[in-house]
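Take a look at the structure below.
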2 protein chains.
Amino acid sequence: MKEGPDIALIGSLIGDPARANMLTALMGGQALTPTELAAHAGITLQTASSHLAKLEAGGLLTQRKQGRHRYYALSEDEVGLMLESLMGFAASRGLTRHRPGPKDPALRKARVCYNHLAGDYGVRLLDSLVAARQIEMMGDDLALTDAGRVRVEALGIDYAMLQKSRRPICRTCLDWSERRSHLAGSLGEALLTLFIDKGWARREKDSRAVRFSDEGEKAFLDLFPL
Amino acid sequence: MKEGPDIALIGSLIGDPARANMLTALMGGQALTPTELAAHAGITLQTASSHLAKLEAGGLLTQRKQGRHRYYALSEDEVGLMLESLMGFAASRGLTRHRPGPKDPALRKARVCYNHLAGDYGVRLLDSLVAARQIEMMGDDLALTDAGRVRVEALGIDYAMLQKSRRPICRTCLDWSERRSHLAGSLGEALLTLFIDKGWARREKDSRAVRFSDEGEKAFLDLFPL
DNA sequence: TTCATACTTCGATCGTAATCGAAGCATCCG
DNA sequence: CGGATGCTTCGATTACGATCGAAGTATGAA
């Protein structure tokens, strides 16, 4: 009778408001400590600890001990993709937790999606690379073309390093604000890191928003035309 | 502080085992009555009724009254896509509710995903159409090429009808068994309907499995080579 | 009309899980 | 070695929601 994967467990993990808040916070891409996550969720440290243990047992999170801190992060790209898909549906239902404010446009323009760039700019990035035939669409697996590899190395990204990882280099991720795909995978991560390292953009504190400097915006739009 | 869509509500709706069973049953694509859904979930009619009201309020389901029956179905394609994404993650965690049995290979080979074909055959269908340049990948939005339109009409599908609907004609849907995209959207639905109408395939009762006849299998593989 | 079917609503019970205070480990610092 | 910080575990409370019996509503059949 019963067939297929058990979605109830995953659903119930996401279904608790405290846990959902923590997961949303972790969609910012940075690993966070239980204390920080407790603040995000508005609960005590003890409760947060219990929630985090469950999320880890469910495979959604991994932790890394560092001194007396424990850093929690989403366990894989796939968790981020799944959450983004849920957010997409929730957004389409008009289920937002915040009154639309000045922060909202910034989020739609550019934000962090786990570890890569999302929003208008994220979509543009992928579109531009595809238009330049530096990335090829094959199913949901994107492939970097030869021209793409050259381009990426010219930007100062170590292609050999990307290859070493077992993660896919390119993959699509559905954007809940744009309803289109943007670039995820280790290349997506490397590019966001690059933009930040070059000082073109920086992450807003306590938000997923990414803010480009005037100079950085110019450079970005120039490098990735439509 | 809080930002982004509220995923907790959606998660909690999916998170109850009874509701998850009903949603999984509805992924079979057929509209079902509360009585049938109660049987699938192993609960009484009263409880099922309460669950269905919540799922409808949450926007996951719609109901259609017909005489003294009420037929519930997933409200949009997007719900199916979201659930398939959850199943994909759950499957990758090895969270299956059933001991692997003889039914499993049949599900992997060909099954219904809400209203279109999924599994090995579903993936092959999209791959073949892309290889023949009858469908073009552009972001996650697939586009039917001119050649594709001709092909589709030659198969006896009313292209004008497809265009009338506000739903996208082609879209990708991530396959939890193959981990690749297959074809969703109104064209995906029309093609599955075609296969069944032609007698090439039929739905297994009480399962998402789609079984091809020998003749139907031959015709399908012939029409959609790799 | 009367009866039957399909479903919803109401009300009460019961279980589970979220929550937090208090106590217990672990790690770092001086 | 204290002493402080960061976190987990334990235990008790509490609140919410799943469940079902019983009663109510709607549609169709006889």
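A note on names: the letters A, B, ... follow the listed sequences, proteins ahead of strands, and every chain is numbered from 1. Treat the numbers as computed from the prediction; the structure is a model and nothing was measured.
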Considering every strand and a 4.0 Å limit on heavy-atom distances, what is the contact class for Tyr72(B): base, sugar-phosphate, or nothing?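 Sugar-phosphate: the residue Tyr72(B), judged by heavy atoms under 4.0 Å, touches backbone atoms but no base.
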Protein-nucleotide distance ([X], atom [atom1]; [N], atom [atom2]), rounded to Å:
X	N	atom1	atom2	answer
Leu52(B)	dG17(D)	CG	P	17 Å
Leu55(B)	dT8(C)	CG	C1'	16 Å
Arg64(A)	dC7(D)	CZ	P	13 Å
Tyr71(A)	dT8(D)	OH	P	14 Å
Lys65(A)	dA26(C)	NZ	P	9 Å
His69(B)	dG28(D)	NE2	C1'	10 Å

Can you tell me which nucleotide in dT8(D), dT27(C), dT9(C) comes closest to the side chain of Ser49(B)?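 Closest nucleotide among those given: dT9(C).
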For nucleotides 19-21 of chain D, which of its nitrogen or oxygen atoms have a protein nitrogen or oxygen under 3.5 Å away, and what is each distance?
residue, atom, partner, partner atom, Å
dT19(D), OP2, His51(B), NE2, 2.5
dC20(D), OP2, Thr44(B), N, 3.1
dC20(D), OP2, Thr44(B), OG1, 3.1
dC20(D), OP2, Thr47(B), OG1, 3.0
dG21(D), N7, Gln46(B), NE2, 2.5

Can you tell me if Ser213(B) uses its side chain to pair, donor with acceptor, with the backbone of Ala201(B) under 3.5 Å?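 Not confirmed, Ser213(B) side chain does not pair with Ala201(B) backbone.
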Does OP1 or OP2 of dT8(C) have a side-chain N or O of Arg70(B) closer than 4.0 Å?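 Answer yes for this pair, as a side-chain N or O of Arg70(B) is under 4.0 Å from OP1 or OP2.
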Between Arg19(B) and dA18(D), is there a contact of a side-chain N or O with OP1 or OP2 at under 4.0 Å?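 Checking Arg19(B) against dA18(D): at least one side-chain N or O falls below 4.0 Å of OP1 or OP2.
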Hey, are Arg211(A) and Glu217(A) close enough for a salt bridge, meaning a charged N less than 4.0 Å from a carboxylate O?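 The answer is no: the pair does not qualify as a salt bridge.
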Aromatic plane relationship, Phe195(B) with Phe224(B) - under 30° parallel, 30 to 60° tilted, over 60° perpendicular: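 Correct class here is perpendicular.
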Point-to-point distance, once rounded to the nearest 0.5 Å, from CD1 of Ile43(B) to CG of Asn21(B):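 Output value for this atom pair is 8.5 Å.
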Out of curiosity, His116(A) NE2 to Asp77(A) CG, how far, rounded to the nearest 0.5 Å?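 If I round to the nearest 0.5 Å, the distance is 7.5 Å.
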Take Ser186(A) and Glu189(A) through the side chain to side chain donor-acceptor pair (under 3.5 Å) test and state the conclusion after the steps. CA-CA 5 Å; Ser186(A) 58; Glu189(A) 182 177 7; over 6 Å; no
